[in-house]
Protein chains: 2
Amino acid sequence: MTTNRVKLNNAGKRFTHQRALIMDIIRRGQGHLDADEIFRRAREKESRLSLSTVYRTLQMMKELELVDELHFSENHHHYEVKPTKEHYHLVCLGCGRVIEFGYPLSRYLKKEVPELKDFDIDETEIRVAGYCNLCRRTRR
Amino acid sequence: MTTNRVKLNNAGKRFTHQRALIMDIIRRGQGHLDADEIFRRAREKESRLSLSTVYRTLQMMKELELVDELHFSENHHHYEVKPTKEHYHLVCLGCGRVIEFGYPLSRYLKKEVPELKDFDIDETEIRVAGYCNLCRRTRR
DNA sequence: TTTGATGCAAATACTTTGCAATGGG
DNA sequence: CCCATTGCAAAGTATTTGCATCAAA
């Protein structure tokens, strides 16, 4: 809320009500909304808001590191407010549910994997796909 | 080569020269080509080959598990022949280079992460983004 | 010969951009 | 007031689909 306003202002950006609305939707969305879904939800409140504003806001929030863009096996992305702790995703190929799990992995990787020794890690994305315990029974 | 022919035939698919060519390009591409690049390379040999054939072939190869589709931070995907051993990707945000590393992680995750206990893992994708040792010096 | 695969063109999905109008600081 | 931001429409990029023709088995 107010912290976002400060972050934007510090970056010479304005805290418009469109931006406030979009951020709020992403926050409530528990991190699993795509651009179009964010747009549809925003329109319920602000019927004149445009899809370009959604895309432009997402772009900006990525740059300011306020949100993360997640890359699932689709032709579009999903967004979530940047979490403070490390967390990753489990995608069920049966029902599409996304289960989030927190686990401190990047320190482990850095230590274990030789290729990572000389690498300055910015972010780690892990996506485990498979079938959840509900779907595995009814599979196929 | 011949093994692919057998796999296709078993699935009731035909081993066309377009498919052979596309598979060959993906194999040579060391796993870091997108659909359009595959198309451009294929056209050098088969000038009448169409982009839809590339997409249709990629789709089919994914289903037959002959290739993997990789999801980087872009609006399109990259493809590689399905590796037999576990391996993951390091993407340099400076030069765009993709460094591949092999590491047996899924057994470890399965054991360590409670959310994975009840989950039937199909595939694990890890993407570590950051700066390689060449780029980290000249960064910004 | 049969039917799955291809090329082409057109359709769809997702994202970005130009520009005049608007509104936050 | 100024200039970043917006809405709208149009363009750009990525992918899919319908259909007549072609070719693998």
Side-chain angles (χ1 to χ4, degrees), chain A residues 1-2 4-23 25-26 32-64 66-67 69-79, chain B residues 1-2 4-23 25-26 32-64 66-67 69-79:
Chain A
M1 2 272 150
T2 304
N4 281 337
R5 173 172 223 129
V6 171
K7 280 204 186 180
L8 292 191
N9 289 343
N10 284 346
K13 307 284 178 193
R14 289 173 184 173
F15 187 74
T16 65
H17 61 108
Q18 289 97 327
R19 287 176 179 173
L21 175 58
I22 290 170
M23 288 184 192
I25 288 169
I26 296 174
H32 310 300
L33 306 178
D34 59 25
D36 200 61
E37 183 59 30
I38 293 167
F39 173 60
R40 269 179 277 132
R41 294 189 187 189
R43 277 232 146 165
E44 290 171 11
K45 291 257 176 186
E46 280 286 338
S47 62
R48 288 183 27 93
L49 183 136
S50 77
L51 185 54
S52 357
T53 296
V54 173
Y55 277 111
R56 279 187 283 226
T57 302
L58 290 172
Q59 184 74 38
M60 186 208 66
M61 291 168 75
K62 265 196 290 175
E63 278 159 18
L64 294 186
L66 291 170
V67 302
E69 186 180 67
L70 310 171
H71 311 101
F72 298 151
S73 344
E74 293 174 347
N75 297 331
H76 58 264
H77 312 307
H78 290 242
Y79 299 87
Chain B
M1 0 280 156
T2 304
N4 280 336
R5 174 173 223 128
V6 171
K7 282 204 185 179
L8 292 191
N9 288 345
N10 283 345
K13 308 283 179 193
R14 291 174 183 173
F15 188 74
T16 65
H17 60 107
Q18 289 97 327
R19 287 177 177 173
L21 175 58
I22 290 170
M23 289 183 191
I25 288 169
I26 295 174
H32 311 299
L33 306 178
D34 59 23
D36 199 61
E37 182 59 29
I38 293 166
F39 174 60
R40 268 177 279 131
R41 294 189 187 188
R43 276 233 147 164
E44 289 171 10
K45 290 260 176 185
E46 279 286 339
S47 62
R48 286 181 32 92
L49 184 138
S50 78
L51 186 53
S52 358
T53 296
V54 172
Y55 277 111
R56 280 188 282 226
T57 301
L58 289 173
Q59 185 73 38
M60 186 209 66
M61 291 168 76
K62 266 198 290 177
E63 279 158 16
L64 294 186
L66 291 171
V67 302
E69 185 180 68
L70 310 171
H71 311 101
F72 298 151
S73 345
E74 292 175 348
N75 297 331
H76 59 263
H77 312 306
H78 290 241
Y79 300 87

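Any value given below was found using the heavy atoms of this structure, including those in side chains, with hydrogens, waters and symmetry copies removed. Below, chain A is the first sequence line, B the second, and so on; all start at residue 1.
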Could you go through B:L58 and B:I38, starting from their C-alpha distance and side-chain angles, then the distance that decides it, and tell me whether this counts as side-chain contact (heavy atoms from CB on, under 4.5 Å)? CA-CA 10 Å; B:L58 289 173; B:I38 293 166; 4.1 Å; yes
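Of the two residues contacting DNA chain C, namely A:N75 and B:T53, the nearest-nucleotide position lying further toward the 5' end is that of B:T53.
Within the 4.5 Å cutoff, the side chain of B:D36 has no heavy atoms near those of the B:H76 side chain. The closest side-chain heavy-atom distance from A:M61 to A:I26 is below 4.5 Å.
If you measure from atom OH of A:Y55 to atom C1' of D:dG12, you get 13 Å, rounded to the nearest angstrom. The distance from atom CZ of B:F39 to atom P of D:dT15 is 13 Å, rounded to the nearest whole Å. Counting to the nearest Å, the P atom of D:dT15 and the CE atom of B:M60 are 17 Å from each other. Atom pair A:Q59:CD and D:dA4:P shows a separation of 17 Å (rounding to whole Å applied). Put simply, NE2 on A:H77 is 10 Å from P on D:dT15, counting in whole angstrom units.
In the helix from C:dT1-D:dA25 to C:dG25-D:dC1, the terminal helix axes, each the rotation mapping four pairs' C1' atoms onto the next four within five end pairs, subtend 40°, rounded to 10°.
In this structure, the side chain to side chain donor-acceptor pair (under 3.5 Å) partners of B:T53, at least two apart in sequence or on a different chain, are B:S50. Partners of A:K62 under the salt bridge (Lys or Arg N to Asp or Glu O under 4.0 Å) rule, at least two apart in sequence or in another chain, are A:E69. Residues passing the salt bridge (Lys or Arg N to Asp or Glu O under 4.0 Å) test with B:R41, sequence neighbours excluded: B:E37.
For the atom pair B:M60 CE and B:L8 CG, the distance stands at 5.0 Å (nearest 0.5 Å). One finds the OH atom of B:Y79 at 14.0 Å from the CG atom of B:L66 (value rounded to the nearest 0.5 Å). For the atom pair NZ (B:K45) and CD (B:Q18), the distance works out to 14.5 Å, reported to the nearest 0.5 Å. Here the NE2-NE2 distance, from B:H77 to A:H71, works out to 10.5 Å after rounding to the nearest 0.5 Å.
Contact annotation: B:R5 does not reach the phosphate of D:dA24 (side-chain N/O to OP1 or OP2, under 4.0 Å). Contact between the side-chain N/O atoms of B:R56 and the OP1/OP2 oxygens of D:dT16 is not found at any separation under 4.0 Å. Regarding contacts with the backbone of D:dG7, a side-chain N or O of A:Q18 is found under 4.0 angstrom from either OP1 or OP2.
In this structure, B:N9 reaches the sugar-phosphate backbone alone: every heavy-atom distance under 4.0 Å involves primed, P, OP1 or OP2 atoms, never a base.
Scanning atom types as modelled, one donor and one acceptor separated by under 3.5 angstrom connect the side chain of A:R14 and the base of D:dA4.
In this structure, A:H78 and A:F72 have tilted ring planes: the angle between them lies in the 30° to 60° band.
Protein chain A touches strand DNA chain C; the 5'-most and 3'-most nucleotides with an atom under 4.0 angstrom of its non-hydrogen atoms are C:dC14 to C:dG25.
Residues of residues 43-52 of chain B that place a heavy atom closer than 4.0 Å to DNA chain D, in numerical order, are B:L51, B:S52.
In the set D:dT5, D:dG7, D:dT17, D:dT5 carries the atom at the smallest distance from any side-chain atom of A:T16.
The residue from B:I25, B:L33, B:V54 that alone fulfils the side-chain contact (heavy atoms from CB on, under 4.5 Å) condition with B:F39 is B:V54.
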